[in-house]
Amino acid sequence: MKTIEKTGVTIDAAVDAALKELGCGKDDVSIEVLNAGKRGLFGIFGSNEAKVRVTLINEPETDFDDDDDFDLTADDIETLETGGASERYETEGTAEIAPAALKKVETYLKDVLSMMGVPAAVSSEIKEGALCMDISGDMMGVVIGRHGDTLDSLQYLCSLVLNKETDDYVRVNLDTEDYREKREETLVNLAKKKAENVLRTGRRHVFEPMNPNERRIIHSTLQAYENLNTYSIGEDPNRKIVIESKSAPRRSRGGYRKNYSSSYRREGSRYERAPQVADSKSED
């Protein structure tokens, strides 16, 4: 089990920092308060930060092998954190694309690939109002990135460049070596495998963080399982899908795990100190 210690202005702040580093929810950890902290005079003088020890007790399973990742250095890559890439990917485009706009986005993509040190060819075609671009070469693992993150980033950047040149929004689909189709097939098979495991064991499963498009594939696949509940937890880009059996009691998504000493016993809805039993001594 993995254990970390974190400090914060308050206990909640320290716990949140630990959960963020572990990438899990409160239901998956046990929390021990090492120092409740002290506010101090006027919140400044004599203040002392809270400190907690958080132990991961329900470690999420690893679903995929990690691929080599590549971080783009372009300044506008920061806009990806807004989540707009996933929303745009799901939007249907119907506008026509002018040849000049098409040439501009192709040139831009080639320049970015060159900056990445990736020799590649780019081909484009228009299908049903959307621009479908395909990259081919010998270093496509770098272009794809971990779970397609780099490919999604490139797709979003191309969408920004293209739609600056058009009056109506045009959807951009960027692919290489049929990665999109293979990834969807992997996600569908993974969802089915985990669903069967949850039904067999009764234990819930938390997927690794996914973008909205991949979460939609998981949710869509699991709709066929009437005995399962699915929901998402967390915030993008760390939002995850949880699947659990409907017959299993639903676990609360909040609150701390409390450990009570054996010297206390449960009485109704309160914990009361158990009566102490004196040691019996034989009388002479």
Side-chain angles (χ1 to χ4, degrees), residues 1-4 15 18-31 54-69 83 85-87 89-90 140-141 143-153 155 173-257:
M1 293 185 292
K2 184 176 181 180
T3 300
I4 62 173
V15 170
L19 295 177
K20 183 176 181 180
E21 181 172 329
L22 291 173
C24 62
K26 290 180 180 178
D27 287 337
D28 300 313
V29 300
S30 65
I31 300 170
V54 179
T55 302
L56 186 62
I57 57 177
N58 291 325
E59 186 170 1
E61 299 177 31
T62 301
D63 300 324
F64 304 100
D65 292 331
D66 290 344
D67 298 322
D68 291 335
D69 200 358
S86 300
E87 296 174 1
Y89 182 79
E90 298 172 8
M140 293 304 97
V143 173
I144 294 172
R146 184 178 183 272
H147 301 169
D149 288 345
T150 305
L151 189 64
D152 288 340
S153 299
Q155 176 176 279
N173 292 336
L174 183 62
D175 199 4
T176 180
E177 298 180 345
D178 296 324
Y179 172 79
R180 301 293 186 190
E181 181 179 350
K182 294 175 182 176
R183 175 65 170 169
E184 180 172 353
E185 182 180 352
T186 298
L187 290 173
V188 169
N189 292 335
L190 176 67
K192 292 179 178 179
K193 177 182 177 180
K194 298 305 179 183
E196 296 296 335
N197 186 58
V198 170
L199 290 174
R200 184 178 67 256
T201 65
R203 296 184 57 186
R204 74 171 188 169
H205 175 76
V206 182
F207 288 88
E208 65 174 11
M210 297 180 184
N211 63 45
N213 188 52
E214 293 185 342
R215 294 199 302 268
R216 186 186 61 200
I217 294 173
I218 298 292
H219 282 303
S220 177
T221 302
L222 296 179
Q223 285 181 353
Y225 293 82
E226 297 180 355
N227 295 325
L228 290 179
N229 285 321
T230 68
Y231 56 91
S232 297
I233 59 175
E235 302 294 335
D236 286 325
N238 296 315
R239 194 162 175 79
K240 310 172 184 178
I241 290 180
V242 179
I243 57 175
E244 60 185 14
S245 173
K246 289 183 178 180
S247 60
R250 182 94 174 241
R251 303 203 307 178
S252 172
R253 302 188 198 180
Y256 297 101
R257 295 181 179 271

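The basis for the numbers below is simple: all heavy atoms, side chains too, and nothing from hydrogens, waters or symmetry mates.
Contact check on Glu214 versus Arg183 returns a salt bridge, with a Lys/Arg side-chain nitrogen under 4.0 Å from an Asp/Glu carboxylate oxygen.
Smallest separation of non-hydrogen atoms from Ala18 and Val54: CB-CG2, 3.6 Å. Listed here is the closest heavy atom pair of Leu222 and Ala191: CD2-O, 3.5 Å. Considering every non-hydrogen atom in both Pro237 and Pro209, the closest pair reads O-CB, 3.7 Å.
How far OH of Tyr225 is from CD of Glu196: 4.5 Å, rounded to the nearest 0.5 Å. Interatomic distance, CD of Glu185 versus NZ of Lys182, reported as 9.5 Å (0.5 Å rounding). Rounding to the nearest 0.5 Å places CG of Asp152 at 7.5 Å from OH of Tyr179. Separating the NE2 atom in His147 from the OG1 atom in Thr186 is a distance of 10.0 Å, to the nearest 0.5 Å. Separation of atoms CG (Asp149) and CD1 (Ile144) is listed at 11.5 Å; rounding is to 0.5 Å. Rounding to the nearest 0.5 Å gives a distance of 3.5 Å between CD1 of Ile241 and NE2 of His219.
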For side chain to side chain contact (heavy atoms under 4.5 Å, CB included), just list the numbers for Arg180 and Leu151, CA-CA rounded to whole Å, side-chain angles, deciding distance to a tenth of an Å, and then say yes or no. CA-CA 10 Å; Arg180 301 293 186 190; Leu151 189 64; 3.6 Å; yes
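With sequence neighbours excluded, no residue forms a side-chain hydrogen bond (donor to acceptor under 3.5 Å, both in side chains) with Thr176.
Using a distance-only test at 3.5 Å, with no hydrogens or angles considered, no donor-acceptor pair links the side chain of Asn197 to the main chain of Lys193. Side-chain N or O atoms of Arg239 include one that pairs as donor or acceptor with a backbone N or O of Gly234 at under 3.5 Å. Not one N or O on the side chain of Asn213 forms a donor-acceptor pair closer than 3.5 Å with the backbone of Ile217.
For the side-chain contact (heavy atoms from CB on, under 4.5 Å) test with Phe207, the passing option among Leu190, Thr230, Leu187 is Leu190; the others fail.
Ile218 has its side chain out of reach of Arg215: every pair of non-hydrogen atoms, C-beta onward, lies at least 4.5 Å apart. Between Lys194 and Ile243 the shortest side-chain heavy-atom distance falls below 4.5 Å.
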